[in-house]
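As the structure is a prediction and not an experimental result, all values here were calculated from the model.
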There are 2 protein chains.
Amino acid sequence: MLTEPIVPAAPMAQSNPPFMSGVPELLLLRLLDQQEMYGYELVRSIRQITGEAISLGEGVIYPALHTLERNGALKSRRKAVAGRTRVYYSLTAKGRTRLARLAKEWRRIQTGIEAALEAPAHAQT
Amino acid sequence: MLTEPIVPAAPMAQSNPPFMSGVPELLLLRLLDQQEMYGYELVRSIRQITGEAISLGEGVIYPALHTLERNGALKSRRKAVAGRTRVYYSLTAKGRTRLARLAKEWRRIQTGIEAALEAPAHAQT
DNA sequence: AGACTTACTTTGCAGTTCTAGGTATGTATC
DNA sequence: GATACATACCTAGAACTGCAAAGTAAGTCT
């Protein structure tokens, strides 16, 4: 049963977090370039590898994995472990190309922002 | 005259550039924190200060300025220069707070990504 | 039996950047 | 004076994407 949402849930919040676009994709490709992993594992790994700076929920990871696989950047295989079935993902050649391009793009932006933030000129010490 | 678009214009393109969310806002606040500026000027300044790494068109800048002013982060005043009218923007206290928060957020993400990209662990030399 | 963790999935919202087009005025060129 | 270019501002609409929330289900532990 249970046909109604009971409570619409309060919306609000500060909505769209800045600086996050493209980040999930970059991190997934980066991690999967090192070794085969499954979704749930990736969620924890991202938290860890970024030093708790970035935390992506399952609602972000799984859809992203599906999209990347659909695009041919990832390939997957099912594997039964401890009576449970996991879906392991790994990079394809296309995925490696994409990772390289994305990482380069990131560095470009990052360099640009850094230049702007350091911005001498004004002096405010 | 000229009442029709003549050609619908081909869409396509590679769509949404990654890593750009929040960036226009951050750069605008950063630049306007140093000195009063007008839209057209900001377009060029951003290109310059980021070392050509980031280039934001007028279609990005003006709406962003309007939104920031509406949110109370910026204040504006009209000024006639060389027979032309310019709209100069500058930071409000609220804008300064926002800049601080955004910059901090940027550094957090940036650090996280960097950690992930450098990621030793695997070794592939 | 109950509670918790693992593991995967889906829906819908929300907010943003970007391209492309359009207006208008001053200045330089022919 | 006509043409072209740079300055200066504005808007609409599309496209994308991350995120929270909720749900399913099966193991494990107490």
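- Note on B/Glu58: a base of the nucleic acid sits closer than 4.0 angstrom, heavy atoms only.
- When rounded to the nearest whole Å, the span between CG of B/Asn16 and P of C/dA14 equals 19 Å.
- Across the protein-nucleic acid pair, A/Phe19 atom CZ and C/dT16 atom P stand 12 Å apart, rounded to whole Å.
- D/dG27 atom P lies 13 Å from atom CZ of A/Arg86, rounded to whole Å.
- Look at NZ on B/Lys79: it is 12 Å from P on D/dA8, rounded to the nearest Å.
- Contact annotation: A/Tyr62 does not reach the phosphate of C/dT9 (side-chain N/O to OP1 or OP2, under 4.0 Å).
- Between A/Glu41 atom CD and C/dT6 atom P the separation is 12 Å, expressed in whole Å.
- Between the CG atom of A/Leu26 and the P atom of D/dT17 there is a distance of 14 Å, given to the nearest Å.
- Among the nucleotides D/dT11, C/dC8, C/dT17, the one closest to the side chain of B/Val60 is C/dT17.
- Contact check, B/Tyr38 against D/dC9: no side-chain N or O comes under 4.0 Å of OP1 or OP2.
- When the P atom of D/dT7 is taken as reference, atom CZ of B/Arg47 falls 11 Å away, rounded to whole Å.
- Screening residues 48-71 of chain B for salt bridge (Lys or Arg N to Asp or Glu O under 4.0 Å), with sequence neighbours left out, gives no hits.
- Here A/Arg44 lies in heavy-atom contact (under 4.0 Å) with sugar-phosphate atoms only.
- Across all strands, B/Gly39 comes closer than 4.0 Å only to sugar-phosphate atoms, never to a base (heavy-atom distances).
- Residue contacts for A/Gly83: at a heavy-atom cut-off of 4.0 Å it reaches the sugar-phosphate backbone alone, with no base atom in range.
- For DNA chain D, no neighbouring residue in residues 90-99 of chain B is found when judged by any heavy atom under 4.0 Å.
- Panel note: side chain A/Arg108, backbone B/Ala53; a donor-acceptor pair is recorded below 3.5 Å.
- The CZ atom of A/Arg30 sits 14.0 Å away from atom CH2 of A/Trp106, with the distance rounded to the nearest 0.5 Å.
- Residue B/Arg84 is in base contact, counting any heavy-atom pair closer than 4.0 Å across all strands shown.
- The CG atom of B/Leu56 lies 7.0 Å from the CD1 atom of B/Ile54; values are rounded to the nearest 0.5 Å.
- Within the 4.5 Å cutoff, the side chain of A/Thr50 has no heavy atoms near those of the B/Thr111 side chain.
- Counting only N and O atoms by type, the side chains of B/Ser55 and B/Arg47 include a donor and acceptor under 3.5 Å apart.
- At least one donor-acceptor pair under 3.5 Å links the side chain of A/Ser21 to the backbone N or O of B/Phe19.
- Heavy atoms of A/Gly22 sit under 4.0 angstrom from primed sugar atoms or phosphate atoms, though from no base atom.
- Nucleotides of DNA chain C nearest to A/Gly59 and A/Val81 differ in position, and the one nearer the 5' end is that of A/Val81.
- In the set C/dA7, C/dT17, D/dT11, the nucleotide with an atom closest to the side chain of B/Met20 is C/dT17.
- Nucleotide C/dT17 holds its C1' atom 11 Å from the CD1 atom of B/Ile61, rounded to whole Å.
- Here A/Pro63 lies in heavy-atom contact (under 4.0 Å) with a base.
- Expressed to the nearest 0.5 Å, how far NZ of B/Lys104 lies from CD1 of B/Ile109 amounts to 12.5 Å.
- Proximity of B/His66 to the phosphate of D/dT11: a side-chain N or O atom is located under 4.0 Å from OP1 or OP2.
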